[in-house]
Colleague: 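Quick one: the structure is below, and I'll ask about it shortly.
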Amino acid sequence: MFFHEFALHDDTLDAIESMNFHEATPVQQMAIPKILSGTDLLACAQTGTGKTGAYLIPILDRIPEFPKGQTSTLILVPTRELAQQIDEQVQGLGYYLDATSIAIYGGNKGPEWEQQRKALTQGADIIIATPGRLIAHLQLGYVRFEQIRFVVLDEADRMLDMGFIGDIMNILHHVPDKRQTLLFSATMPPKIRELAKKILHHPEEINLAVSKPAEGIDQQFYLSRDDQKIPLLIHLMKDLEKPSMVLFTSRKSEVNPIVRALRKMHWQARGISSDSEQTERENILRDFKNHQFPILVATDVLSRGIDIDSLSHVVNFDVPRDPEDYVHRIGRTARAANKGTAITFINEQDQPRVMRIERLLERDLPKQSITEEIGLGPAPAWAPPSGKSRHNQRPKGQGAPHKPGPNNEKKPKWHGKKKRSGPPKNSPTK
DNA sequence: AAAAAAC
(Lines give C-alpha, C1' and ligand atoms only; values in the text may rest on other atoms or scores of the structure.)
Protein backbone atom coordinates (compact mmCIF):
# COMPACT_ATOMS: atom_id res chain seq x y z
CA MET A 1 0.00 0.00 0.00
CA PHE A 2 1.35 3.41 -0.98
CA PHE A 3 1.04 6.66 0.90
CA HIS A 4 -1.02 8.36 -1.79
CA GLU A 5 -3.77 5.84 -1.09
CA PHE A 6 -4.36 7.43 2.30
CA ALA A 7 -6.50 10.52 2.61
CA LEU A 8 -3.49 12.77 3.11
CA HIS A 9 -2.99 16.31 1.87
CA ASP A 10 -0.74 16.90 -1.12
CA ASP A 11 1.72 18.81 1.03
CA THR A 12 2.03 15.85 3.35
CA LEU A 13 2.57 13.51 0.41
CA ASP A 14 5.28 15.82 -0.92
CA ALA A 15 6.98 15.77 2.46
CA ILE A 16 6.79 11.98 2.57
CA GLU A 17 8.25 11.79 -0.91
CA SER A 18 11.07 14.15 0.05
CA MET A 19 12.01 11.64 2.75
CA ASN A 20 12.04 8.87 0.13
CA PHE A 21 9.24 6.95 1.79
CA HIS A 22 7.07 5.18 -0.75
CA GLU A 23 5.34 2.11 0.55
CA ALA A 24 3.69 2.16 3.95
CA THR A 25 4.87 -0.43 6.47
CA PRO A 26 2.26 -2.70 8.12
CA VAL A 27 2.01 -0.57 11.26
CA GLN A 28 1.60 2.52 9.09
CA GLN A 29 -1.09 0.86 7.01
CA MET A 30 -3.04 0.01 10.10
CA ALA A 31 -2.45 3.11 12.18
CA ILE A 32 -2.64 5.99 9.70
CA PRO A 33 -6.32 5.61 8.70
CA LYS A 34 -7.33 5.11 12.32
CA ILE A 35 -5.43 8.17 13.51
CA LEU A 36 -6.84 10.22 10.62
CA SER A 37 -10.33 9.18 11.67
CA GLY A 38 -9.73 10.88 15.00
CA THR A 39 -9.96 7.98 17.44
CA ASP A 40 -7.62 7.15 20.28
CA LEU A 41 -5.22 4.34 19.57
CA LEU A 42 -3.73 1.53 21.61
CA ALA A 43 -0.95 0.05 19.53
CA CYS A 44 1.27 -2.89 20.26
CA ALA A 45 4.25 -2.30 17.98
CA GLN A 46 8.00 -2.28 18.05
CA THR A 47 10.46 0.25 16.79
CA GLY A 48 12.10 -0.29 13.48
CA THR A 49 8.72 -1.02 11.96
CA GLY A 50 8.01 2.53 10.88
CA LYS A 51 6.13 3.21 14.07
CA THR A 52 7.30 6.80 14.38
CA GLY A 53 6.11 7.61 10.88
CA ALA A 54 2.83 5.88 11.65
CA TYR A 55 1.91 8.59 14.11
CA LEU A 56 3.94 11.53 12.79
CA ILE A 57 2.46 11.44 9.30
CA PRO A 58 -1.22 11.74 10.27
CA ILE A 59 -0.37 14.30 12.96
CA LEU A 60 1.70 16.43 10.60
CA ASP A 61 -1.13 16.20 8.09
CA ARG A 62 -3.37 18.06 10.51
CA ILE A 63 -0.89 20.60 11.89
CA PRO A 64 -2.01 23.32 9.40
CA GLU A 65 -5.49 23.25 10.98
CA PHE A 66 -4.15 24.45 14.29
CA PRO A 67 -3.20 28.02 15.14
CA LYS A 68 0.48 28.86 14.90
CA GLY A 69 2.24 29.71 18.11
CA GLN A 70 0.40 27.13 20.19
CA THR A 71 1.61 23.64 20.87
CA SER A 72 -0.72 21.07 19.36
CA THR A 73 1.24 17.85 19.87
CA LEU A 74 3.05 16.34 22.82
CA ILE A 75 5.14 13.19 22.40
CA LEU A 76 6.52 11.51 25.54
CA VAL A 77 9.43 9.07 25.33
CA PRO A 78 11.65 7.22 27.82
CA THR A 79 15.16 8.23 26.71
CA ARG A 80 16.87 11.41 25.59
CA GLU A 81 18.31 9.88 22.44
CA LEU A 82 14.88 8.70 21.38
CA ALA A 83 13.49 12.21 21.89
CA GLN A 84 16.26 13.57 19.72
CA GLN A 85 15.78 10.94 17.03
CA ILE A 86 12.05 11.60 16.78
CA ASP A 87 12.70 15.33 16.65
CA GLU A 88 15.06 14.74 13.73
CA GLN A 89 12.31 12.82 11.95
CA VAL A 90 9.85 15.63 12.57
CA GLN A 91 12.37 18.11 11.20
CA GLY A 92 12.81 15.97 8.12
CA LEU A 93 9.12 15.49 7.44
CA GLY A 94 8.11 18.89 8.73
CA TYR A 95 10.60 20.81 6.63
CA TYR A 96 8.14 21.49 3.83
CA LEU A 97 5.18 21.51 6.14
CA ASP A 98 6.12 24.50 8.22
CA ALA A 99 5.82 22.56 11.44
CA THR A 100 8.07 23.57 14.31
CA SER A 101 9.33 21.13 16.92
CA ILE A 102 11.78 20.75 19.76
CA ALA A 103 13.15 17.89 21.82
CA ILE A 104 12.94 18.64 25.53
CA TYR A 105 15.18 16.61 27.81
CA GLY A 106 17.63 17.02 30.63
CA GLY A 107 21.30 16.46 31.17
CA ASN A 108 22.47 19.35 29.05
CA LYS A 109 24.60 22.09 30.48
CA GLY A 110 24.37 24.78 27.89
CA PRO A 111 21.90 27.19 26.41
CA GLU A 112 19.42 24.32 26.02
CA TRP A 113 17.27 25.21 29.00
CA GLU A 114 16.68 28.69 27.64
CA GLN A 115 16.01 27.34 24.13
CA GLN A 116 13.52 24.91 25.59
CA ARG A 117 11.81 27.65 27.61
CA LYS A 118 11.57 29.81 24.52
CA ALA A 119 10.11 27.03 22.36
CA LEU A 120 7.59 26.20 25.08
CA THR A 121 6.46 29.80 25.58
CA GLN A 122 6.35 30.53 21.86
CA GLY A 123 4.39 27.34 21.26
CA ALA A 124 6.38 25.03 19.00
CA ASP A 125 3.87 22.85 17.15
CA ILE A 126 5.34 19.56 18.33
CA ILE A 127 7.08 18.90 21.65
CA ILE A 128 9.02 15.66 22.07
CA ALA A 129 10.00 15.21 25.70
CA THR A 130 11.36 12.95 28.37
CA PRO A 131 9.09 13.32 31.40
CA GLY A 132 11.45 14.73 34.05
CA ARG A 133 12.62 17.81 32.21
CA LEU A 134 9.15 18.61 30.90
CA ILE A 135 7.81 18.59 34.46
CA ALA A 136 10.60 20.92 35.53
CA HIS A 137 9.37 23.39 32.91
CA LEU A 138 5.72 22.83 33.77
CA GLN A 139 6.35 23.67 37.40
CA LEU A 140 7.66 27.10 36.43
CA GLY A 141 4.27 27.98 35.05
CA TYR A 142 5.04 29.42 31.63
CA VAL A 143 4.07 26.35 29.62
CA ARG A 144 0.76 26.63 27.79
CA PHE A 145 -0.67 23.25 26.89
CA GLU A 146 -4.32 24.32 26.58
CA GLN A 147 -4.30 23.84 22.81
CA ILE A 148 -2.82 20.37 22.76
CA ARG A 149 -4.75 18.11 20.42
CA PHE A 150 -2.47 15.08 20.19
CA VAL A 151 -0.66 13.20 22.92
CA VAL A 152 1.61 10.30 21.98
CA LEU A 153 3.10 7.94 24.54
CA ASP A 154 5.92 6.11 22.80
CA GLU A 155 7.58 2.99 24.27
CA ALA A 156 4.97 3.18 27.02
CA ASP A 157 5.91 -0.13 28.62
CA ARG A 158 9.47 1.06 29.00
CA MET A 159 8.31 4.33 30.54
CA LEU A 160 6.29 2.38 33.08
CA ASP A 161 9.28 0.15 33.83
CA MET A 162 11.22 3.28 34.54
CA GLY A 163 8.67 4.45 37.05
CA PHE A 164 7.33 7.30 34.92
CA ILE A 165 3.66 6.59 35.59
CA GLY A 166 3.34 9.37 38.16
CA ASP A 167 5.12 11.84 35.90
CA ILE A 168 2.94 10.89 32.95
CA MET A 169 -0.26 11.44 34.91
CA ASN A 170 1.13 14.72 36.21
CA ILE A 171 1.90 15.92 32.67
CA LEU A 172 -1.49 14.82 31.33
CA HIS A 173 -3.06 16.96 34.05
CA HIS A 174 -1.79 20.01 32.13
CA VAL A 175 -3.29 18.82 28.85
CA PRO A 176 -6.95 19.20 27.83
CA ASP A 177 -9.13 16.10 28.14
CA LYS A 178 -10.51 16.76 24.70
CA ARG A 179 -7.62 15.43 22.71
CA GLN A 180 -6.53 12.43 20.68
CA THR A 181 -4.25 10.08 22.58
CA LEU A 182 -2.02 7.49 20.93
CA LEU A 183 -0.35 4.88 23.09
CA PHE A 184 2.43 2.76 21.61
CA SER A 185 3.94 -0.11 23.52
CA ALA A 186 6.12 -3.06 22.57
CA THR A 187 4.30 -5.30 25.04
CA MET A 188 0.81 -5.26 26.50
CA PRO A 189 1.15 -6.22 30.18
CA PRO A 190 -1.75 -5.53 32.62
CA LYS A 191 -0.13 -2.28 33.74
CA ILE A 192 -0.34 -0.90 30.22
CA ARG A 193 -3.97 -1.99 29.94
CA GLU A 194 -4.66 -0.16 33.19
CA LEU A 195 -2.98 2.99 31.94
CA ALA A 196 -4.86 2.72 28.65
CA LYS A 197 -8.14 2.46 30.49
CA LYS A 198 -7.33 5.62 32.42
CA ILE A 199 -6.17 7.85 29.60
CA LEU A 200 -7.73 6.55 26.37
CA HIS A 201 -11.36 6.95 25.28
CA HIS A 202 -12.78 4.07 23.27
CA PRO A 203 -9.46 3.35 21.62
CA GLU A 204 -9.00 1.45 18.41
CA GLU A 205 -6.49 -1.31 18.94
CA ILE A 206 -3.82 -2.62 16.66
CA ASN A 207 -1.45 -5.43 17.40
CA LEU A 208 1.79 -5.90 15.52
CA ALA A 209 4.00 -7.02 18.32
CA VAL A 210 6.80 -9.01 16.84
CA SER A 211 8.00 -11.22 19.61
CA LYS A 212 10.12 -12.98 17.04
CA PRO A 213 13.38 -11.58 15.76
CA ALA A 214 13.56 -10.76 12.07
CA GLU A 215 14.39 -13.61 9.70
CA GLY A 216 17.52 -11.90 8.45
CA ILE A 217 19.28 -12.13 11.80
CA ASP A 218 21.85 -14.88 12.22
CA GLN A 219 21.65 -15.61 15.94
CA GLN A 220 24.78 -17.12 17.43
CA PHE A 221 25.32 -18.17 21.05
CA TYR A 222 28.66 -18.84 22.65
CA LEU A 223 29.26 -20.37 26.03
CA SER A 224 31.96 -18.36 27.69
CA ARG A 225 33.44 -17.45 31.03
CA ASP A 226 33.58 -13.73 31.71
CA ASP A 227 37.32 -13.55 31.26
CA GLN A 228 37.06 -15.31 27.89
CA LYS A 229 34.59 -12.88 26.39
CA ILE A 230 36.99 -10.25 25.07
CA PRO A 231 39.45 -12.69 23.44
CA LEU A 232 36.51 -14.65 22.07
CA LEU A 233 35.04 -11.51 20.57
CA ILE A 234 38.38 -10.53 19.08
CA HIS A 235 38.56 -13.98 17.51
CA LEU A 236 35.05 -13.70 16.08
CA MET A 237 35.84 -10.29 14.61
CA LYS A 238 39.13 -11.18 13.02
CA ASP A 239 37.82 -11.69 9.50
CA LEU A 240 35.22 -8.97 9.49
CA GLU A 241 35.75 -6.39 6.81
CA LYS A 242 34.08 -3.25 8.08
CA PRO A 243 31.89 -4.15 11.00
CA SER A 244 29.44 -1.73 12.50
CA MET A 245 28.68 -3.25 15.84
CA VAL A 246 26.76 -2.37 18.97
CA LEU A 247 27.92 -4.30 22.00
CA PHE A 248 25.36 -4.34 24.80
CA THR A 249 26.19 -4.82 28.42
CA SER A 250 23.67 -4.80 31.26
CA ARG A 251 25.90 -2.83 33.60
CA LYS A 252 27.16 0.61 32.98
CA SER A 253 30.19 -0.17 35.13
CA GLU A 254 31.23 -2.61 32.39
CA VAL A 255 31.13 -0.11 29.56
CA ASN A 256 34.52 1.52 30.05
CA PRO A 257 36.43 -1.66 30.89
CA ILE A 258 35.14 -3.24 27.69
CA VAL A 259 36.04 -0.18 25.65
CA ARG A 260 39.55 -0.21 27.11
CA ALA A 261 40.01 -3.92 26.46
CA LEU A 262 38.95 -3.54 22.83
CA ARG A 263 41.24 -0.59 22.31
CA LYS A 264 44.09 -2.59 23.71
CA MET A 265 43.41 -5.03 20.90
CA HIS A 266 43.44 -2.17 18.38
CA TRP A 267 39.73 -2.00 17.78
CA GLN A 268 38.27 1.48 17.82
CA ALA A 269 35.50 1.48 20.34
CA ARG A 270 33.55 4.08 22.29
CA GLY A 271 31.02 3.71 25.06
CA ILE A 272 27.62 5.12 25.95
CA SER A 273 25.65 4.91 29.18
CA SER A 274 23.75 7.25 31.42
CA ASP A 275 27.06 7.96 33.13
CA SER A 276 28.37 9.69 30.02
CA GLU A 277 27.88 13.42 29.69
CA GLN A 278 24.87 14.20 27.55
CA THR A 279 26.81 16.08 24.86
CA GLU A 280 29.26 13.18 24.76
CA ARG A 281 26.35 10.75 24.34
CA GLU A 282 25.03 12.73 21.43
CA ASN A 283 28.40 13.14 19.73
CA ILE A 284 29.27 9.48 20.08
CA LEU A 285 25.94 8.30 18.73
CA ARG A 286 26.15 10.72 15.81
CA ASP A 287 29.70 9.66 14.95
CA PHE A 288 28.76 5.99 15.22
CA LYS A 289 25.76 6.45 12.93
CA ASN A 290 28.15 8.08 10.46
CA HIS A 291 30.43 5.04 10.65
CA GLN A 292 33.30 7.00 12.16
CA PHE A 293 34.24 4.02 14.32
CA PRO A 294 33.22 0.35 14.27
CA ILE A 295 32.22 -0.60 17.82
CA LEU A 296 29.80 1.11 20.15
CA VAL A 297 29.61 -0.30 23.66
CA ALA A 298 26.25 0.55 25.22
CA THR A 299 23.88 -0.16 28.05
CA ASP A 300 20.19 -0.69 27.45
CA VAL A 301 19.87 3.07 27.04
CA LEU A 302 20.13 2.19 23.33
CA SER A 303 18.24 -1.09 23.33
CA ARG A 304 14.92 0.44 22.44
CA GLY A 305 13.91 2.66 19.62
CA ILE A 306 17.25 3.81 18.36
CA ASP A 307 17.65 3.42 14.60
CA ILE A 308 21.08 2.84 13.19
CA ASP A 309 21.46 2.26 9.48
CA SER A 310 23.38 -0.74 8.28
CA LEU A 311 24.39 -2.17 11.61
CA SER A 312 26.13 -5.44 10.83
CA HIS A 313 26.41 -6.92 14.32
CA VAL A 314 24.81 -6.82 17.73
CA VAL A 315 26.79 -8.41 20.53
CA ASN A 316 25.20 -9.27 23.83
CA PHE A 317 28.12 -9.27 26.19
CA ASP A 318 25.69 -10.72 28.67
CA VAL A 319 22.18 -12.07 28.37
CA PRO A 320 19.55 -9.41 29.11
CA ARG A 321 17.43 -10.20 32.16
CA ASP A 322 14.19 -9.51 30.36
CA PRO A 323 13.79 -11.89 27.41
CA GLU A 324 11.91 -9.19 25.51
CA ASP A 325 15.02 -7.04 25.72
CA TYR A 326 16.94 -9.70 23.83
CA VAL A 327 14.57 -9.24 20.91
CA HIS A 328 14.85 -5.47 21.23
CA ARG A 329 18.63 -5.48 21.35
CA ILE A 330 19.17 -7.75 18.36
CA GLY A 331 16.43 -5.93 16.50
CA ARG A 332 18.92 -3.06 16.08
CA THR A 333 20.48 -5.10 13.27
CA ALA A 334 19.01 -6.57 10.09
CA ARG A 335 16.65 -3.63 9.75
CA ALA A 336 14.58 -3.14 6.63
CA ALA A 337 15.19 -6.62 5.20
CA ASN A 338 18.95 -6.39 5.60
CA LYS A 339 21.01 -9.17 7.06
CA GLY A 340 22.73 -9.02 10.39
CA THR A 341 24.45 -11.11 12.99
CA ALA A 342 23.59 -11.28 16.66
CA ILE A 343 26.24 -12.77 18.94
CA THR A 344 25.36 -13.60 22.53
CA PHE A 345 27.81 -14.69 25.19
CA ILE A 346 26.44 -16.99 27.84
CA ASN A 347 28.24 -17.47 31.11
CA GLU A 348 27.22 -19.82 33.88
CA GLN A 349 24.83 -17.47 35.64
CA ASP A 350 23.13 -16.33 32.44
CA GLN A 351 22.03 -19.79 31.36
CA PRO A 352 18.56 -19.59 32.94
CA ARG A 353 17.97 -16.34 31.06
CA VAL A 354 18.73 -18.05 27.78
CA MET A 355 16.14 -20.64 28.62
CA ARG A 356 13.60 -17.90 29.13
CA ILE A 357 14.48 -16.49 25.71
CA GLU A 358 14.04 -19.96 24.24
CA ARG A 359 10.62 -20.14 25.82
CA LEU A 360 9.70 -16.74 24.42
CA LEU A 361 10.89 -17.65 20.92
CA GLU A 362 9.48 -21.16 21.25
CA ARG A 363 12.58 -22.80 19.94
CA ASP A 364 15.92 -24.21 21.01
CA LEU A 365 18.80 -21.90 20.34
CA PRO A 366 22.04 -23.49 19.16
CA LYS A 367 24.84 -22.98 21.68
CA GLN A 368 28.44 -23.21 20.59
CA SER A 369 31.56 -23.64 22.60
CA ILE A 370 34.75 -22.75 20.79
CA THR A 371 36.96 -21.42 23.58
CA GLU A 372 38.84 -24.71 23.77
CA GLU A 373 39.71 -24.74 20.07
CA ILE A 374 40.97 -21.18 20.07
CA GLY A 375 43.12 -21.80 23.09
CA LEU A 376 41.13 -20.05 25.77
CA GLY A 377 40.45 -23.12 27.85
CA PRO A 378 37.14 -24.71 28.76
CA ALA A 379 33.91 -22.78 28.63
CA PRO A 380 31.12 -23.47 31.07
CA ALA A 381 29.10 -26.44 29.92
CA TRP A 382 25.53 -25.94 28.86
CA ALA A 383 23.50 -27.31 31.72
CA PRO A 384 19.82 -28.07 32.06
CA PRO A 385 18.06 -26.15 34.84
CA SER A 386 19.34 -27.11 38.28
CA GLY A 387 17.07 -28.84 40.77
CA LYS A 388 15.84 -25.53 42.11
CA SER A 389 12.57 -25.73 40.23
CA ARG A 390 9.42 -27.49 41.33
CA HIS A 391 9.99 -30.80 39.66
CA ASN A 392 12.96 -32.42 38.13
CA GLN A 393 11.11 -33.08 34.95
CA ARG A 394 13.96 -33.90 32.69
CA PRO A 395 15.72 -37.18 33.27
CA LYS A 396 19.43 -36.74 33.46
CA GLY A 397 21.28 -36.98 30.20
CA GLN A 398 18.22 -36.61 28.04
CA GLY A 399 16.48 -33.86 26.26
CA ALA A 400 18.68 -30.89 26.87
CA PRO A 401 21.22 -29.88 24.30
CA HIS A 402 24.40 -31.37 25.47
CA LYS A 403 27.94 -30.97 24.43
CA PRO A 404 30.08 -34.02 24.96
CA GLY A 405 33.77 -33.79 25.58
CA PRO A 406 36.17 -32.15 27.97
CA ASN A 407 33.72 -29.40 28.79
CA ASN A 408 31.84 -31.63 31.12
CA GLU A 409 34.79 -32.60 33.18
CA LYS A 410 36.39 -29.55 34.62
CA LYS A 411 33.86 -26.90 35.12
CA PRO A 412 35.27 -23.69 36.49
CA LYS A 413 34.29 -23.42 40.09
CA TRP A 414 32.02 -20.50 40.65
CA HIS A 415 30.50 -20.69 44.02
CA GLY A 416 29.87 -17.06 44.74
CA LYS A 417 28.62 -14.23 42.61
CA LYS A 418 32.04 -13.16 41.51
CA LYS A 419 35.05 -15.17 40.66
CA ARG A 420 37.51 -14.59 43.42
CA SER A 421 40.27 -16.80 42.17
CA GLY A 422 40.54 -16.20 38.49
CA PRO A 423 43.52 -15.55 36.38
CA PRO A 424 45.33 -12.43 37.52
CA LYS A 425 44.27 -9.14 35.98
CA ASN A 426 45.93 -8.08 32.77
CA SER A 427 47.03 -11.53 31.79
CA PRO A 428 46.15 -11.80 28.14
CA THR A 429 45.34 -15.40 27.42
CA LYS A 430 47.38 -16.31 24.44
C1' DA B 1 21.70 -8.33 40.66
C1' DA B 2 20.41 -3.29 36.16
C1' DA B 3 19.09 0.39 33.29
C1' DA B 4 16.84 4.67 32.40
C1' DA B 5 15.30 9.92 33.92
C1' DA B 6 15.19 16.45 36.82
C1' DC B 7 17.65 19.86 39.41
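Chain letters run A, B, ... following the sequence lines, proteins first, then strands; residues in each count from 1.
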Colleague: Between atom CD in A:Glu155 and atom C1' in B:dA3, what is the gap in whole Å?
Modeller: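 Roughly 14 Å, once rounded to whole Å.
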Colleague: Taking the side chain of A:Thr130 as heavy atoms from C-beta outward, which of B:dA2, B:dA4, B:dA6 is closest to it?
Modeller: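 So the nucleotide nearest the side chain must be B:dA6.
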Colleague: When you measure from the side-chain N and O atoms of A:Arg281 to the phosphate of B:dA5, is any distance below 4.0 Å, counting only OP1 and OP2?
Modeller: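 Answer is yes, contact under 4.0 Å.
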Colleague: Can you pull out every salt bridge (charged side-chain N to carboxylate O under 4.0 Å, His left out) where at least one residue sits in residues 150-165 of chain A? Sequence neighbours excluded, please.
Modeller: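 For residues 150-165 of chain A: A:Lys51-A:Asp154, A:Lys51-A:Glu155, A:Glu155-A:Arg304, A:Asp157-A:Arg304, A:Arg158-A:Asp325.
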Colleague: Is the closest side-chain donor-acceptor distance between A:Glu112 and A:Gln116 under 3.5 Å?
Modeller: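 Checked: A:Glu112/A:Gln116 side chains show no N/O donor-acceptor pair below 3.5 Å.
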Colleague: Does OP1 or OP2 of B:dA2 have a side-chain N or O of A:Thr299 closer than 4.0 Å?
Modeller: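 Indeed not, no polar side-chain atom of A:Thr299 lies that close.
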Colleague: From CZ of A:Arg80 over to P of B:dA4, roughly how many Å is that when rounded to an integer?
Modeller: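 My rounded result for the distance is 10 Å.
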Colleague: Starting from P on B:dA2, measure out to CZ on A:Arg251 and report it in whole angstrom.
Modeller: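 Nearest whole value for this atom pair: 6 Å.
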Colleague: Looking for any heavy atom pair under 4.0 Å, which part of the strands does A:Arg158 touch: base, sugar-phosphate only, or nothing?
Modeller: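 No contact at all - A:Arg158 keeps every heavy atom at 4.0 Å or more from the nucleic acid.
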Colleague: Look at the side chain of A:Asn347 and the backbone N and O of A:Arg225, then say whether any donor-acceptor pair between them is shorter than 3.5 Å.
Modeller: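 A pair under 3.5 Å: no.
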Colleague: Looking at B:dA3, I'd like to know if its phosphate oxygens (OP1 or OP2) sit under 4.0 Å from a side-chain N or O belonging to A:Arg304.
Modeller: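 So the side-chain polar atoms of A:Arg304 never come under 4.0 Å of the phosphate oxygens OP1 or OP2 of B:dA3.
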Colleague: Under 4.0 Å: is that the gap between some side-chain N or O of A:Ser273 and OP1 or OP2 of B:dA3?
Modeller: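 False: A:Ser273 side-chain N/O out of range (4.0 Å or more) of B:dA3 OP1/OP2.
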Colleague: Heavy atoms within less than 4.0 Å of DNA chain B: which residues of residues 106-114 of chain A have one? Give them sorted by number.
Modeller: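 Contacts with DNA chain B under 4.0 Å: A:Gly106, A:Gly107.
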Colleague: With a 3.5 Å cut-off and no angle check, do the side chains of A:Arg263 and A:Gln268 form a donor-acceptor pair?
Modeller: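 No pair is found: no donor N or O on one side chain lies under 3.5 Å from an acceptor on the other.
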Colleague: Sequence neighbours left out, what passes ring-ring contact (aromatic ring centres under 6.0 Å, His included) with A:Phe248? Give chain and number order.
Modeller: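 A:Phe248 satisfies ring-ring contact (aromatic ring centres under 6.0 Å, His included) with no residue once adjacent residues are dropped.
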Colleague: Look at A:Arg353 together with A:Asp322 and state whether they make a salt bridge at an N to O cut-off of under 4.0 Å.
Modeller: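 Judged by the 4.0 Å cut-off on N to carboxylate O distance, A:Arg353 and A:Asp322 do not form a salt bridge.
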